[in-house]
Every structure is written in C-alpha cells, then in structure tokens.
Amino acid sequence: MIEVKNLTKHYGDKKAVDNISFKVEKGQILGFLGPNGAGKSTTMNMLTGYISSTSGQILINDIDIFEDPIKAKKNIGYLPEIPPLYVDMTVMEYLDFMFDLKKCKLKRKAHLKDICALCKITDVSNRIIKNLSKGYRQRVGLAQALIGNPPVLILDEPTVGLDPKQIIEIRTLIKKLGKSHTVILSSHILSEIQAVCDRIIIINKGVVAADGTADEIAKNITDEHKMTVRIEGDTKTAADKEKIISAIKAIGGIKYIRADMEREKGIYDYDIEAEPGMDIRRELNRVCSENGWNILMLQLSDLTLEDIFLKITVGEGIVIKNEDNDENIENPQQAEAEADAEAENGNDDAEKEADEASDESENNGGND
C-alpha cells in the first residue's frame, strides 16, 4: 500500500533524510518514531506530498506521489499535529467544506453522520470550532482525515490534548481503522505506540535505525533474558532459600540468580538472568512443580520500548543487527562520537608532535 524507495532530502548542505526505504502493507499499523531533528517530520511531510524529495520514490497504492500528486493524495487521509481547522465555522460546516474540497463521491449526509459518530463529535456538530476544547478539536481533525474513506491514514500525534478516557477511545478507533486501512502513526507517547502498532520504525539522524516489532528490535539490540519470579515454597530459613536457588541453578544456562525481598509473607522474589538465547521458563515450571513450589508471578525484564528508543537514539555503543544483509549497523550517534574522539586524539597527537619539534629546535638553538 505504501512503498518508500531510497528517499533522500537535502536542505542546503544538511541531509535531513538519508536514502531510506520501507514498505507498509494494507491492514498494518506502523508506529513511526524518532527524536527531534531525526528526519521524522520531513519523512511524513514527503509521504503526504506536502514537500518534495531530493531523490527517491514514494508509491501510495502504486501511484508515485511526486509524479501524480493529485491522484496519490486521494488515497491519503492526513491529520497533522496541529489540525487544519477553520475555527470560525461550525463542525458540520467545516466537514461539509472538506467534503467538497476532497470531491468526495459518497452520500454526503450519511457519510458525515457516520464519521461524526465514529469520532464521537455528533453532540458538538453544530458548535463553532473555536469554542471547543482542544480534545474535541483533535477529534474534528481526525474526522476530516476520514472523509472519503481513504485507504491510507497518516496520523501525527492524534491523541494530543485528549483526556485519558478520550485517549483510550481514539486508540480503540485507530485499531479498528487498522483492520481496513494502512495507518502510519507518529507519537512521542511510546506506550501508545506499543499499545496500538503492529510494527515500529525508529528513524535517527536521517536513517532507519530499527524496523520491526518491539520484541524483534529488543532481540537485535541485546540477547539478555532476565526475569523476576515469585516462588511460594518452604522459606523459613536462609537454607530454604538456598535450596530454591540451587534447584533453579541446576536447570543449566543460568548466568545469575539471587533472592530478592520478601514481597508477601514468607514468599520471596528471585531475580534470574539466563544465558543469551536461553528460555528457561518451561524448565523452571517443571522444577517448581516437582518440588511442590508455586509460581505466583513471573515477569520478564526485557527492554521496554522506552529502553529501546533511548539505546538507539542516545547512543550507548549499540550495534543493530540488519537481517536483510547480515551486516551490523552501528548506532549513528555512537559512530559519530567515536569519529569525533578519534579526530580529537589525532589533533592532540599532532599538537604533541609539534610541541616536541619546537622544544628540540629550541634546544638545538641553545647548543649552537
């Protein structure tokens, strides 16, 4: 439904987007993430045809948006971060105007009624937009994006200004729309991306730094497998806890285990780290069952989306595995930092050599 090929955008000498490529299929909800200045907004502006590219291609439903922008844009519903509202109009006047602007061929009254019900703005449809709360304005902006039932929806921060109940409603709506539309969702609320999206792309310094589900990206960043287990057993003495620890260690593939605090009366948590690639959960369950112990809680301590985002964009020496060509892609900020450090070391060495040469010259002059 959406195909991006070798997309590049220059602003003078600055390369905002650097040769990125990806596809988004019908019925997929893609979370598009990136820190400020990473090229995320530039990419979204090119996807909607708002700005042109320096090179590369964007196909929307097999139509090149730069070659035939009018036809391509008919397939897109776009909600920018600041909704494009005419605030002196009533909600229905505005939606009528957008209906005409988009040259929609559907039955006007029934279509707009359905959209208002979907976005839960029916009760404010006769009110002037400037008198609405920010949350309702955001809903009106989403409603205009849905006019014409476009197959592609591009939503930039769709839940900004909404209260918790409204956020849940919009998330539910996006999931529903994702069943019949291709959706690209950009948000700085990472929990929202994780809750709604089937797939995530993280862009950093103009390049695609990660692409996949949160679990897939986490596995590419680290092979660590940590968990916290709450085990109900005979733990009256330190020796009892040691018995549990020894039994779990006997499973094999355990790098680290320790008894944590008493979380419930006579019941302790155990922090466990397995060897890379090892999943010990089934064996752990077997050992506890054989000893008559109950597992009351098991929580994996794998990377959250926040952890993933920070590791990729802040730079901690992370190497991201590229499954397409089996090459490793260094974190771009880390690589830049190392290059700067090398350059600085080179300058220091050059300055040191120059100082030594100067000292030697002065000594020779003194001897003469």
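Numbering starts at 1 and runs along the sequence shown. Heavy atoms only: backbone and side chains are in, while hydrogens, waters and symmetry mates are out.
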For [Y], is there any backbone N or O sitting under 3.5 Å from a side-chain donor or acceptor partner on [X]?
X	Y	answer
S125	T122	yes
E157	H188	yes
E283	I280	no
Q144	Y78	yes
S21	N6	yes
K102	K74	no
T313	F309	yes
H111	I147	no

R108/D100 ion pair, N-O < 4.0 Å: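 The answer is yes: the pair qualifies as a salt bridge.
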Heavy-atom pair with the smallest gap, counting every atom of [X] and [Y]:
X	Y	result
G206	I20	O-CG2, 3.3 Å
D156	M44	CB-CE, 4.2 Å
I312	N204	O-ND2, 3.5 Å
V124	V91	O-CG2, 3.3 Å
A145	P150	O-CG, 3.3 Å
L95	V140	CD2-O, 4.4 Å

Does the side chain of [Y] come within less than 4.5 Å of [X]'s, by heavy atoms?
X	Y	value
K226	D271	no
T8	V17	no
N61	V152	no
I203	L33	no
L173	L142	yes
K243	D234	no
D123	Y136	yes
T159	Q138	no

If you group Ile, Leu, Val, Met, Phe, Trp and Tyr by side-chain heavy-atom gaps below 4.5 Å, do [X] and [Y] land in one group?
X	Y	result
L85	L132	yes
V208	L59	no
Y50	F32	yes
F97	L146	yes
Y86	I121	yes

Residues V183, V196; criterion side chain to side chain contact (heavy atoms under 4.5 Å, CB included); working and verdict: CA-CA 10 Å; V183 181; V196 173; over 6 Å; no
Side chain to side chain contact (heavy atoms under 4.5 Å, CB included) between V87 and R137, worked out: CA-CA 9 Å; V87 296; R137 292 189 191 194; 4.1 Å; yes
Selection residues 264-298 - residue pairs positive for ring-ring contact (aromatic ring centres under 6.0 Å, His included), sequence neighbours left out: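 The answer is none; no pair qualifies.
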Between atom [atom1] of [X] and atom [atom2] of [Y], what is the distance when rounded to the nearest 0.5 Å?
X	Y	atom1	atom2	value
I244	E232	CD1	CD	10.0 Å
C197	E192	SG	CD	8.0 Å
I202	D211	CD1	CG	9.5 Å
I201	I193	CD1	CD1	11.5 Å
L30	F22	CG	CZ	6.5 Å
M89	I129	CE	CD1	8.0 Å

Sole candidate of Q57, K5, K71 that passes side chain to side chain donor-acceptor pair (under 3.5 Å) when paired with D64: Q57
Full working for side chain to side chain contact (heavy atoms under 4.5 Å, CB included) between I231 and C288: CA-CA 8 Å; I231 298 175; C288 289; 4.0 Å; yes
F66: ring-ring contact (aromatic ring centres under 6.0 Å, His included) partners, not counting sequence neighbours: none
Worked check of side chain to side chain contact (heavy atoms under 4.5 Å, CB included) between M1 and E25: CA-CA 5 Å; M1 185 57 72; E25 303 296 339; 5.8 Å; no
Flag if over 12 foreign heavy atoms under 6.0 Å of CG, L106: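 Buried by this count: over 12 neighbours within 6.0 Å.
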Greater than 12 external heavy atoms within 6.0 Å of I70's CD1: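 Result for CD1/I70: open.
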Positive for side chain to side chain contact (heavy atoms under 4.5 Å, CB included) with D269, one of M261, M297, Q299: M297
Within residues 160-176 or reaching into it, pairs that qualify as side-chain hydrogen bond (donor to acceptor under 3.5 Å, both in side chains) - sequence neighbours excluded: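 Matches after skipping sequence neighbours: R139-E169, K165-E169.
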